[in-house]
Amino acid sequence: MDRWTRLLLVVTAVAVLGYISMIYGSCAFDPDCHFRLCAGGRSLCGADHTHVPSR
């Protein structure tokens with residue numbers, strides 16, 4: 001692999017990890033955020049921001 005290919009792989013990995021940490025990491029600090037499961041119920045498909053009414 002040449003340096004250009006390695007650089008592109010590193011930039012892609014940093015972008016993907018940054019996006020995932022921004023979306024899922026910010027959900028940890030939001031009480032109205034919860035993770036949404038896929039149709040099979042075994043993996044995460046995203047984060048939902050819904051307001052849960054107080055009791």
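Owing to the predicted nature of the structure, the values given are computational and were not obtained by experimental measurement.
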Item to complete: Please identify each residue that fulfils side-chain contact (heavy atoms from CB on, under 4.5 Å) with L17, with sequence neighbours left out.
Response: none
Worksheet item: If you group Ile, Leu, Val, Met, Phe, Trp and Tyr by side-chain heavy-atom gaps below 4.5 Å, do Y19 and V14 land in one group?
Response: no
Worksheet entry | Test side-chain contact (heavy atoms from CB on, under 4.5 Å) applied to L9 - qualifying residues, sequence neighbours left out | M1, T5
